[in-house]
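Note that these values count all heavy atoms, side chains included, but never hydrogens, waters or copies made by symmetry. Positions are given from 1 along the sequence.
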Amino acid sequence: MPPADTVAESPSSTLSGVARVLVHAGKLTAKAAEDLAKSSKERRVSFVSSVIAAGAVQPSELAHTLSSVLALPLLDLNTVDAQKLPRNVLDGKIAAQYQLIALGKRGNRLFIGAADPTDQEAAERIKFATQLTPEWVVVEYDKLLRQIENQGASASEVIESMASGDFEFDVTEDDAQAAEANDISVDVEDAPVVRFLQKMLIDAINMRASDLHFEPYEYNYRVRFRIDGELREITQPPIAIKEKLASRIKVISRMDISEKRVPQDGRMKLKFGTKAIDFRVSTLPTLFGEKVVIRILDPSSAKLGIEALGYEKIEKERLLTCIQRPYGMILVTGPTGSGKTVSLYTCLNLLNQPGVNIATVEDPAEINLPGINQVNVNDRAGLTFAAALKSFLRQDPDIIMVGEIRDLETADIALKAAQTGHLVMSTLHTNDAPSTLTRLMNMGVAPFNIASSVLLITAQRLARRLCENCKTPAEYPREALLKAGYQPTDLDGSWKPYRAVGCSTCNNGYKGRVGLYQVMPITEAMQRIILSEGSALDIAQQAQADGVRDLRQAGLIKVKTGMTTLEEVITVTNE
């Protein structure tokens, strides 16, 4: 790095580093630079962050100016694969304090990405800590912060530096006694492990994650979050904590802490101020320890209302019409994690009135809704879906929700309940709405029972939603749009597709998810096909004739309205 003296004299001799470069390059006046420098010292933040926060210079403009004036290489961090960046080369505390990222090592040189390559103090700290010579590479400040956040500090540093927060787990006396009885209280209550777990859960909530994965391997241990449907590595804690962490999670999830040979399921609750958040926990024995997956259950998602789920107007009308019927069956289908439970709970929330008796049986109940009688399946005790359904019918229900139809007995009881004056809602794992009917037939359900009971089937997927801050119009060849499923009449130039870009507020150009829905009412024509034991293809053709959009067509509408990208729709509907 050229010493600061190589930069021409600035209008103000009191300025140094980046401030001096920007004044010299005509990007800032001396007075503005002095004010920003003073402000950054008072707030104890870097000069670069003050400049960017004030909007005085854009991150890309700042990076190009520093690269040009200081004759240093410039790197676009969006082109870098974060998984291939070196780990444990640079102390996490130094990286966080000086806002740096290690890019690579060659010989005794360590290449450092920074938005402020004039920081001599950081250079000395790196040299002393690593015994390597730092070589500066200029990067854009916003992309650097996002990369640091994505990479995450190593868990050993997090454990050492973490301060206790204002949150606690809901642990009963029975759990504490169980821990003592197994003589693992020291391990389970190990303060750094407790704080690390709390830190991971709070981070997951703040990052809008749906699941946390704690994964042990032979030589390392990693934590990944699923954010907007994609798994992202967050940190690699020391492998030595894997047993203590699994034990801690088991105690607060009311699992058998001594059993490590079979999978277990449990629940836990985190009290965060006045808010309580539920988590569903699953453990799985692997070759090198127990993998733990924690799913965040957000009760507010069921109370968002049907408008927030992404149904188009005609689809919403079809669904609302059917859920107001006094009896019959409504089925929601799709793969795991496609939002089926949220859709069902949204419908139940609309129907949840003082004069209506609603009962649900689930494995397990994910969202607690006041006013609804919820039952958890307990196979060991003999409380199966079928057993719970039989009991429900003696409890004078108006509406029944079955978490999943898995076998002929459950399907048979549910369909008979739908025929005898009850509105029944349930889920199945099928690819689309037409194949759900043939799946029921393959399970052994009589076609006349299906035809007379099922009112509507909705299939769904979740596609990543484009970030409103950075999405950019895209150009696609006409042939590609036609191949994706658009009709020539759709390509009239009245709309433009968008592409994902990526900014400091989103995840590679996406933020949140939107539902794609195929809402298929069972018409008389479909009933005739079912009674004649027609195929899924016959039913799909009839659905198209009835004006039902398939999942791909529903996705293409979301592309036209700028909610998601063509690539995302093709990915989630590629069957």
For the student: nearest non-hydrogen atoms of Asp119 and Trp136, plus distance:
O-CZ2, 3.8 Å
Is there a side-chain contact (heavy atoms from CB on, under 4.5 Å) between Ile252 and Arg248 once you walk through the steps?
CA-CA 7 Å; Ile252 55 183; Arg248 173 64 182 166; 3.9 Å; yes
Ring geometry between Tyr486 and Trp495 (parallel below 30°, tilted from 30 to 60°, perpendicular above 60°):
tilted
Any non-hydrogen side-chain atom of Leu319 less than 4.5 Å from a side-chain atom of Cys347?
yes
Approximate separation, where rounding is to 0.5 Å, of Ile52 CD1 and Glu140 CD
9.5 Å
Between Lys558 and Glu312, is a salt bridge (Lys or Arg N to Asp or Glu O under 4.0 Å) present by the stated rule, with each step listed?
CA-CA 9 Å; Lys558 296 293 190 290; Glu312 296 297 326; 3.0 Å; yes
Less than 4.5 Å apart, any side-chain heavy atom of Ile296 and any of Leu212?
yes
From Arg461 CZ over to Thr573 OG1, what is the distance, rounded to the nearest 0.5 angstrom?
8.5 Å
Output for pair (Ile205 CD1, Met200 CE), nearest 0.5 Å, gives 12.0 Å
Among Arg226, Lys291, Glu233, Arg222, whose side-chain hydrogen bond (donor to acceptor under 3.5 Å, both in side chains) with His213 holds?
Lys291
Just by distance, do the side chain of Arg224 and the backbone of Glu215 share a donor-acceptor pair under 3.5 Å?
no
How far apart are the closest heavy atoms of Ala500 and Thr565, and which atoms are they?
N-CG2, 3.8 Å
Is Lys471 reaching over with its side chain to a backbone N or O of Gly562, donor-acceptor style, under 3.5 angstrom?
yes
Just wondering, are more than 12 heavy atoms of other shown residues or ligands nearer than 6.0 Å to NZ in Lys105?
no
State the CG-CG distance between Asp492 and Asp490, to the nearest 0.5 angstrom.
7.5 Å
SB check Arg464 Glu230 (cutoff 4.0 Å)
yes
Determine whether a donor-acceptor pair (N or O, by modelled atom type, separation under 3.5 Å) exists between the side chain of Arg552 and the backbone of Ala484.
yes
Would you check if Ile294 and Met268 make a side-chain contact, meaning some heavy-atom pair closer than 4.5 Å?
yes
Only residue of Ile249, Thr283, Leu245 satisfying side chain to side chain contact (heavy atoms under 4.5 Å, CB included) with Glu290 is Thr283
Spacing of CG belonging to Leu22 relative to CD belonging to Glu61, to within rounding of 0.5 Å:
8.5 Å
Do Val292 and Val281 come close enough that some side-chain heavy atom pair is under 4.5 Å?
yes
Salt bridge check, Lys511 against Glu468: does any charged N sit closer than 4.0 Å to a carboxylate O?
no
Given side chains that start at C-beta, do those of Phe111 and Pro73 come closer than 4.5 Å, heavy atoms only?
no
Which atom of Ala474 lies closest to which atom of Tyr476, heavy atoms considered:
CB-CE1, 3.8 Å
Contact summary for Pro134 and Ile112, nearest pair of heavy atoms
CB-CG1, 4.3 Å
Heavy-atom side-chain proximity of Arg232 to Met207 below 4.5 angstrom
yes
side-chain hydrogen bond (donor to acceptor under 3.5 Å, both in side chains) assessment of Gln236 paired with Tyr217
CA-CA 11 Å; Gln236 291 200 10; Tyr217 296 97; over 6 Å; no
Would you mind reporting whether Asp203 and Ile234 have side-chain heavy atoms less than 4.5 Å apart?
no
Could you go through Leu36 and Phe47, starting from their C-alpha distance and side-chain angles, then the distance that decides it, and tell me whether this counts as side-chain contact (heavy atoms from CB on, under 4.5 Å)?
CA-CA 7 Å; Leu36 286 168; Phe47 178 78; 3.7 Å; yes
Using side-chain heavy atoms (C-beta onward) and a distance below 4.5 Å, is Val18 in contact with Val51?
no
Applying side-chain contact (heavy atoms from CB on, under 4.5 Å), run through Val48 and Gln99 and close with a yes or a no.
CA-CA 10 Å; Val48 170; Gln99 294 178 325; 6.0 Å; no
His64, NE2 atom: more than 12 neighbouring heavy atoms under 6.0 Å
no
Can you tell me how far NZ of Lys340 sits from CG of Leu462, rounded to the nearest 0.5 angstrom?
9.5 Å
Does Asp228 come within less than 4.0 Å of Arg513, counting only side-chain N to carboxylate O?
no
Shortest non-hydrogen separation from Cys503 to Asn469 and the atoms involved
SG-CB, 4.1 Å
For Phe288, does its backbone N or O pair with a side-chain atom of Lys242 as donor and acceptor, under 3.5 Å?
yes
Is it true that a side-chain atom of Thr564 and a backbone atom of Leu466 form a donor plus acceptor pair closer than 3.5 Å?
no
What are the two closest heavy atoms between Pro59 and Asp142, and how far apart are they?
CB-OD1, 3.5 Å
Is there a donor-acceptor pair closer than 3.5 Å between any side-chain N or O of Glu243 and the backbone N or O of Ala240?
no
Tell me, with the steps shown, if Gln460 and Tyr311 meet side-chain contact (heavy atoms from CB on, under 4.5 Å).
CA-CA 10 Å; Gln460 63 185 70; Tyr311 285 94; 4.3 Å; yes
